[in-house]
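See structure below.
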Amino acid sequence: MSARFSDSSDSDDGPVETPVIRTDGSGHEASRGDPPDGHAGPVGPSTPENYGGPGDHSEHGDDGHEHRSRWPLVAALGAGGLYSGLAIALLGITAGVVPPLLGVFLAVVGTMGLLAGVAGWVDEAFLAPARNGVGPTKSRDSYVSTTLLFLATDVSTFGALIIYYFFVRIGSWPPAELPPLLTSLVVVNTLILISSSVTFHYAHEALYDGNRRRFLALLGTTLALGIVFLGGQAYEYYEFIVHEGFSLSEGIFGSAFFGLTGLHGIHVALGIGGIAVLFWRALRGYYGPDQDTSIATVSLYWHFVDIVWVFLVTVLYVGASV
């Protein structure tokens with residue numbers, strides 16, 4: 001049985017309530033009166049009034065119908081505007097058929113829409129239920145399976161650019177504009193991102209073990225490593241553009257390289273935002289051994305980002321030299 005810890009203590013000592021088996025299929029135990037995931041607020045003594053009793057129908061909303069959200073659509077439209085804006089800006093720079101500033105404006109608006117959609121989605125799914133002290137809108141398994149479905153569809157986004165890169169490789173190779181890609185900065189940055197995935201995994205393990213201090217330390221380390229990685233990628237772009245003269249408009253390989261690494265950078269930035277929210281909530285005591293839905297879903301996303309980067313390093317940085 002996992003002992004629960006509160007926001008005011010770093011140990012897992014304290015009164016242990018009679019456990020009941022969770023009904024969401026996660027395989028963990030939950031104390032009586034607690035929700036099956038991490039929506040309901042800081043870990044501590046709770047009452048059925050806060051989280052709903054046996055007859056609670058919060059999973060489908062007050063009227064018994066499935067909850068629908070507009071935020072995924074807002075995020076999707078924002079992402080479409082971002083990608084379209086970048087394409088229009090590139091077309092304007094290279095061909096001059098459209099004003100490049102039009103593409104830049106559309107990309108900025110799209111970025112704002114994407115961030116607003118993701119923020120609204122996270123707030124609606126995780127933060128609002130915690131603020132309002134209501135029960136979870138869905139089970140833990142539902143959130144995890146939905147995250148896996150999202151990641152499966154996200155593969156197609158990277159897949160489109162990867163197919164384009166392989167198409168580039170069919171032509172004359174190597175391209176004349178190819179700079180030295182595999183540098184010590186790339187190696188260090190890759191190790192940093194892999195390390196952040198490891199620290200995230202063991203932060204989740206520490207949460208299961210009821211070790212609050214270790215959980216917070218590892219989660220904070222994960223956040224710091226993610227920020228360092230993103231900073232390293234920005235510095236790499238600076239070196240390529242300013243010192244090597246290698247940019248998005250430098251031939252078809254440049255568009256493929258910056259398209260793939262830039263898309264990954266956007267995913268990393270969104271992941272950092274998610275981890276920052278987790279860390280802020282963890283400091284306020286919102287997570288426990290049986291309240292980990294947010295941790296589980298964001299960790300799946302972060303591990304996915306890690307795997308994609310290893311693949312990109314293999315095909316872009318190492319593969320470009322072959």
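Residue numbers count from 1 along this sequence. Only heavy atoms go into these numbers, but all of them, side chains included; no hydrogens, no water, no symmetry mates.
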Would you please say whether a donor-acceptor pair under 3.5 Å links the side chains of [X] and [Y]?
X    : Y    : value
D290 : Y208 : no
T222 : T199 : yes
Y237 : T261 : yes
W302 : S197 : no
Y317 : T183 : no

Between L114 and I266, is a side-chain contact (heavy atoms from CB on, under 4.5 Å) present by the stated rule, with each step listed? CA-CA 10 Å; L114 174 61; I266 293 174; 4.3 Å; yes
In terms of hydrophobic clusters joined by side-chain contacts under 4.5 Å, are [X] and [Y] together?
X    : Y    : answer
V74  : L77  : no
L270 : V109 : no
L218 : I227 : no
V186 : Y235 : no
L106 : M112 : no

Determine the minimum heavy-atom distance between [X] and [Y], stating which atoms define it.
X    : Y    : result
L230 : G265 : CD1-O, 3.7 Å
D306 : I194 : OD2-CA, 3.3 Å
S195 : L191 : OG-O, 2.7 Å
G288 : L207 : O-CG, 3.5 Å
E244 : P180 : OE1-CD, 4.1 Å
V104 : A89  : N-CB, 4.1 Å

Test side-chain contact (heavy atoms from CB on, under 4.5 Å) applied to L181 and F257, step by step: CA-CA 10 Å; L181 296 177; F257 177 85; 4.1 Å; yes
Check: [Y] main-chain N/O paired with [X] side-chain donor or acceptor under 3.5 Å:
X    : Y    : result
Y165 : V315 : yes
R169 : Y164 : no
H264 : V305 : yes
S84  : G81  : no
N189 : F229 : yes
H267 : L263 : yes
R214 : E205 : no

Can you spot which of L278, I275, V228 makes a side chain to side chain contact (heavy atoms under 4.5 Å, CB included) with L223? I275
Please determine whether side-chain contact (heavy atoms from CB on, under 4.5 Å) holds for the pair Y287 and S294, giving the CA-CA distance in whole Å, both sets of side-chain angles, and the decisive distance to 0.1 Å. CA-CA 9 Å; Y287 303 116; S294 304; 3.5 Å; yes
Within a reach of under 6.0 Å around CZ of F158, are more than 12 heavy atoms found that belong to other residues, nucleotides or ligands? yes
Is the closest side-chain heavy-atom distance between [X] and [Y] below 4.5 Å?
X    : Y    : value
L151 : Y301 : yes
I295 : F200 : yes
I162 : F166 : yes

Pair F215, H204 - check ring-ring contact (aromatic ring centres under 6.0 Å, His included), show working. CA-CA 7 Å; F215 166 63; H204 203 176; 8.2 Å; no
side-chain contact (heavy atoms from CB on, under 4.5 Å) between Y83 and T157, worked out: CA-CA 11 Å; Y83 300 150; T157 305; 4.2 Å; yes
